[in-house]
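As structure tokens, the structure follows; a few thoughts come after it.
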Amino acid sequence: MVFGGGHVILPLLYQDFVTTGLVNAQSFDLGYAFAQLMPGPLFSFASYIGALLPWTPYVWLNAVLATCTIFLPSFFLIFATLPYWSWLIQQRHIYQAVMGINAAVVGLLLYLLLDLSQRYFSYGSDLVFVAVMIALLRSKLPVWFSLIFGFVLYQSYLSFF
């Protein structure tokens, strides 16, 4: 059961696919980066992961299976609990459980942030680049311009050093 959106499942997907060796870490991170650029729910990342898995000989079928697999439990949960949700959330223990689950979500997201930080922030200049990108994306400049400018800036930094 996932509360809080698609980012919550990233550590779980990482554990299930990268640490087991089904998907390499670089492909996982690349897919996550592309999923961030796409509009819509992050659950579409499951389609990308599915395309990398060797379930069937057909890449498109693997992507469809993974997409259905990631969405199906939520449909079951909604149809099973929707008629009773107003009653359920009024129950003190269930309300407290939901609040605890929401707190656990914050912990999972913090874990993901720390894990990615340890892997990719090798130098202080990496943190400076992230701060510059956040400032660019929060500015009034168009997002496409900020992304292209950030890419050019980073590539020129890499070629300089």
Side-chain angles (χ1 to χ4, degrees), residues 1-78 98 100-139 141-161:
M1 190 174 341
V2 175
F3 287 78
H7 295 283
V8 174
I9 65 166
L10 284 173
L12 304 173
L13 289 174
Y14 188 87
Q15 178 184 355
D16 288 344
F17 295 111
V18 176
T19 58
T20 60
L22 289 171
V23 175
N24 69 42
Q26 186 176 9
S27 296
F28 184 89
D29 295 340
L30 180 66
Y32 177 61
F34 280 126
Q36 289 299 306
L37 295 173
M38 294 174 48
L42 186 63
F43 285 114
S44 61
F45 180 54
S47 303
Y48 171 81
I49 293 292
L52 297 176
L53 296 176
W55 288 338
T56 70
Y58 306 104
V59 173
W60 65 270
L61 183 58
N62 295 342
V64 168
L65 287 171
T67 304
C68 290
T69 302
I70 201 76
F71 280 108
L72 199 57
S74 62
F75 284 116
F76 288 148
L77 183 64
I78 287 173
V98 169
I101 291 169
N102 285 334
V105 164
V106 174
L108 284 172
L109 291 174
L110 181 61
Y111 165 76
L112 177 67
L113 175 69
L114 293 174
D115 185 52
L116 289 174
S117 298
Q118 288 176 348
R119 284 191 287 156
Y120 292 109
F121 292 146
S122 303
Y123 306 103
S125 59
D126 295 336
L127 291 173
V128 171
F129 178 73
V130 169
V132 168
M133 285 306 300
I134 289 172
L136 279 172
L137 291 171
R138 294 195 50 110
S139 71
L141 296 171
V143 173
W144 63 268
F145 178 78
S146 299
L147 292 175
I148 291 172
F149 180 74
F151 175 76
V152 169
L153 182 69
Y154 190 70
Q155 290 301 318
S156 62
Y157 171 77
L158 288 179
S159 65
F160 183 70
F161 291 103

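The first residue in the sequence is number 1, and the count goes up from there.
With rounding to the nearest 0.5 Å, the separation of CG in L61 from OG1 in T56 is 4.0 Å. We find the CD1-CG distance between I134 and L137 to be 8.0 Å, quoted to the nearest 0.5 Å.
Using a 4.5 Å cut-off on side-chain heavy atoms (C-beta onward), L13 and F45 make contact. The closest side-chain heavy-atom distance from L153 to M133 is not below 4.5 Å. Residues F149 and L141 have side chains not in contact (no heavy-atom distance under 4.5 Å, counting atoms from C-beta outward). With contacts defined as side-chain heavy-atom distances shorter than 4.5 Å, the pair N62/Y58 does not qualify.
Ring to ring, F129 and Y157 are not that close: their centroids are 6.0 angstrom or more apart. Taking the six-membered ring for Trp and the full ring otherwise, the centers of Y14 and F28 sit less than 6.0 Å from each other.
A donor-acceptor contact shorter than 3.5 Å links the side chain of T67 to the backbone of A63. A distance-only check finds a donor-acceptor pair linking the side chain of Y48 to the backbone of S27 [under 3.5 Å]. Of the possible donor and acceptor atoms, one in the side chain of S146 sits under 3.5 Å from a partner among the backbone N and O of L136.
Residues A46 and A66 approach most closely at O-CB, 3.2 Å, considering heavy atoms.
Annotation: W55, atom CH2; neighbour count of heavy atoms from other residues, nucleotides and ligands within 6.0 Å is above 12.
Of the options V18, T19, T20, a side-chain contact (heavy atoms from CB on, under 4.5 Å) to L22 is made by T20 and by none of the others.
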